[in-house]
Trainee: 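After the structure tokens below, expect a handful of questions from me.
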Number of protein chains: 2
Amino acid sequence: MHYNRPVFSDRERARSYAQVCGIAAALDIVGERWALLVARDLLLGPLRFGDLAEGLPGIGTNTLAARLRHLETVGVVQRRAVPLPERGTVYELTPYGRELEPILLALGRWGTRSMGHLPAGAATRSRWLVTALLAFHEPSREVARPTTWELRLTEGTYTVRAEGAQLAIEAGPAAAADLTVTTDDAHFQALVTRQLSPEAAVATGVVGLEGDPAALALLVDQFAFPVPGEETVG
Amino acid sequence: MHYNRPVFSDRERARSYAQVCGIAAALDIVGERWALLVARDLLLGPLRFGDLAEGLPGIGTNTLAARLRHLETVGVVQRRAVPLPERGTVYELTPYGRELEPILLALGRWGTRSMGHLPAGAATRSRWLVTALLAFHEPSREVARPTTWELRLTEGTYTVRAEGAQLAIEAGPAAAADLTVTTDDAHFQALVTRQLSPEAAVATGVVGLEGDPAALALLVDQFAFPVPGEETVG
DNA sequence: CGGTATCCGCAAAGATACTG
DNA sequence: CAGTATCTTTGCGGATACCG
């Protein structure tokens, strides 16, 4: 693996902590406001500028552009041209940026216990819900054979694939899913947090299935979300 | 475990990402400038306001006070009165704050590969060097029997204790050390990064030992620091 | 020593308008 | 759609003065 040495601008140098410490160095790179949230939204695959902006309510296009430029300079994000017929540019994590994944997921588990402070009108995105699946995946719940689910949620479709103790999720439809689950974010969240049983979900019709119905319980079982209200900080 | 629900001020509410996402919630709490560095410096034990300020060059006492107030409100840090004869107040991590440790250490390992951008005059602290020991501790290098080292470095004394695959470090002298190592930060760093052999260190007198000299090689062996120049980003 | 309070200047961030 | 330009607001760093 080879990377370029990023050339820091005067501005970046001025804001640098300038400490001989790995933690401070990391924060020089991803410590600015919004930076880690950009990385979070890219965990499930490349996104266009507009999709990123929509997924970061309140960021302002100038700030987003500045962050992307910075993250590109330091080797966390890279731009890639999308070929015809779609055209355009997408942003994706570099291999180095992808190594933030376990850190982001651990941070997410830690922060979940402090979600009590969120205001009533807090923003919701399907992508964040799906990312939480990664965070609360329980490797010990191994699947007997490789299984693929397609999740059609409020704002998009995601593919979940389990193989042994491994779980991989990416944006987009599945090539060949064992089960396709169609529902909205709220009901899907109720499912994985065990506030809505798979049976009830199907019986009441709030969740639509296509494929092997038994795979729904298997999906829910892959995750160990904290019980709401327990061990909460704030 | 019970925590209070933090009451966010108007300012904090205004800066909140307000996203239903554990990662965003975590950044609402520790995402501001300096916040995670305060937590880092508290990993090895409680500190006074002045010690914190000294360990965060450039922070400004008002900003430090604001951060500590915030971290206290959200349940990451707590103030504690120090009894006589010392008197005063120290800040320490709460149990919730202590759970940041693995995250901070992982972030530090990640950021270490980007330390190439640091300016020539970057600040150095014994505490950060010792924290790096925690980050690069290699659990597979189990010690045959519990061993305690006392490190007398440039800016203070630290106690390292290994037991099986576990390693614990805290600020302050050891009650009963197998070996006391006296040297400056630069030579100690050279030791643990294997740029200076234990034999050479002792032979040239740049490292002073008191106790079982064989324990020095054992200490160095507990850590797997990345080889400088290899797999560097920036 | 252990902070708090205040003022200044700068740079980042938010909002919005605009352009290729 | 993918940004840039501009304006306003806010946070941060630095200095200093002050108080228990």
Side-chain angles (χ1 to χ4, degrees), chain A residues 8-19 24 27-38 41 46-73 77-92 123, chain B residues 8-19 24 27-28 30-38 41 46-72 77-92 123:
Chain A
F8 270 43
S9 67
D10 290 349
R11 199 194 103 265
E12 288 161 339
R13 231 188 313 278
R15 296 282 295 181
S16 165
Y17 290 113
Q19 301 182 355
L27 293 174
D28 280 342
I29 291 184
V30 292
E32 287 167 308
R33 193 164 165 79
W34 299 109
L36 282 177
L37 296 185
V38 169
D41 275 10
L47 289 177
R48 296 165 173 279
F49 185 94
D51 299 323
L52 277 166
E54 182 200 9
L56 299 169
I59 192 178
T61 54
N62 49 358
T63 304
L64 177 56
R67 275 308 156 275
L68 288 170
R69 234 186 336 261
H70 175 72
L71 290 174
E72 201 184 346
T73 322
V77 159
Q78 59 195 5
R79 295 170 54 118
R80 189 161 52 88
V82 176
L84 293 169
E86 299 218 353
R87 285 266 285 294
T89 311
V90 290
Y91 294 87
E92 61 188 2
Chain B
F8 270 44
S9 67
D10 290 348
R11 198 193 112 270
E12 288 161 339
R13 230 187 316 276
R15 295 284 294 183
S16 166
Y17 290 112
Q19 301 182 354
L27 293 175
D28 281 341
V30 292
E32 287 168 308
R33 193 164 165 79
W34 298 108
L36 282 177
L37 296 186
V38 169
D41 275 10
L47 289 178
R48 296 164 174 276
F49 185 93
D51 299 324
L52 276 166
E54 182 201 9
L56 301 168
I59 191 179
T61 57
N62 49 359
T63 304
L64 177 56
R67 279 304 160 277
L68 288 171
R69 230 183 344 258
H70 174 72
L71 291 173
E72 199 183 347
V77 159
Q78 60 194 5
R79 296 169 52 117
R80 191 161 51 88
V82 176
L84 293 168
E86 299 220 351
R87 283 266 282 294
T89 311
V90 291
Y91 295 87
E92 62 187 0

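Heavy-atom basis, side chains included; hydrogens, waters and symmetry copies ignored.
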Trainee: The side chain of B/Arg69 lies closest to which of these nucleotides: C/dT4, C/dG2, D/dA2?
Mentor: C/dT4
Trainee: In whole angstrom, give the distance that lies between atom CZ of B/Phe49 and atom P of C/dC1.
Mentor: 13 Å
Trainee: May I ask you to decide if B/Gly58's main-chain N or O and A/Tyr17's side chain share a donor-acceptor pair within less than 3.5 Å?
Mentor: no
Trainee: Please report the distance, rounded to the nearest Å, between CG in B/Leu52 and P in C/dC1.
Mentor: 16 Å
Trainee: Could you check how far CD of A/Glu54 sits from C1' of D/dG3, rounded to whole Å?
Mentor: 16 Å
Trainee: Find the bend of the helix from C/dC1-D/dG20 to C/dG20-D/dC1 as the angle between its two terminal axes (five pairs each), to the nearest 10°.
Mentor: 40°
Trainee: Once you round to the nearest 0.5 Å, how far does CD of A/Glu54 lie from CZ of A/Arg48?
Mentor: 12.5 Å
Trainee: For D/dC1, does either OP1 or OP2 sit under 4.0 Å from a side-chain N or O belonging to A/Arg48?
Mentor: no
Trainee: The test is side chain to side chain contact (heavy atoms under 4.5 Å, CB included); show your working for A/Ile59 and A/Leu37 and say whether it passes.
Mentor: CA-CA 11 Å; A/Ile59 192 178; A/Leu37 296 185; over 6 Å; no
Trainee: Between A/Arg67 and D/dG3, is there a contact of a side-chain N or O with OP1 or OP2 at under 4.0 Å?
Mentor: no
Trainee: Can you tell me the distance, in whole Å, between the CG atom of B/Leu68 and the P atom of D/dC12?
Mentor: 14 Å
Trainee: Between atom CG of A/Leu36 and atom CG of A/Asp41, what is the distance when rounded to the nearest 0.5 Å?
Mentor: 11.5 Å
Trainee: Reading nucleotides 13-20 of chain D 5' to 3', which nucleotides get B (base under 4.0 Å from a protein heavy atom), which S (sugar-phosphate only), which -?
Mentor: SBB-----
Trainee: Could you check B/Asp51, B/Val77, B/Leu47 and say which one makes a side-chain contact (heavy atoms from CB on, under 4.5 Å) with B/Tyr91?
Mentor: B/Val77
Trainee: Separation of A/Arg87 atom CZ from D/dC1 atom C1', in whole Å?
Mentor: 11 Å
Trainee: Checking side chain to side chain contact (heavy atoms under 4.5 Å, CB included) for the pair B/Phe49/B/Leu64: CA distance, chi angles, key distance, verdict?
Mentor: CA-CA 8 Å; B/Phe49 185 93; B/Leu64 177 56; 3.8 Å; yes
Trainee: For B/Leu47 and C/dC1, give me the distance from atom CG to atom C1', rounded to whole Å.
Mentor: 15 Å
Trainee: Expressed as a whole number of angstroms, how long is the span from A/Leu56:CG to C/dA15:C1'?
Mentor: 16 Å
Trainee: Given side chain to side chain contact (heavy atoms under 4.5 Å, CB included), test A/Leu56 with A/Thr63 step by step and report yes or no.
Mentor: CA-CA 11 Å; A/Leu56 299 169; A/Thr63 304; over 6 Å; no
Trainee: Check step by step if side chain to side chain contact (heavy atoms under 4.5 Å, CB included) holds for A/Val38 and A/Val30.
Mentor: CA-CA 10 Å; A/Val38 169; A/Val30 292; over 6 Å; no
Trainee: Quick check for you: to the nearest 0.5 Å, what is the distance between B/Arg33 atom CZ and A/Glu32 atom CD?
Mentor: 8.5 Å
Trainee: How close or far is atom P of D/dG11 from atom CG of B/Leu64, stated in whole angstroms?
Mentor: 18 Å
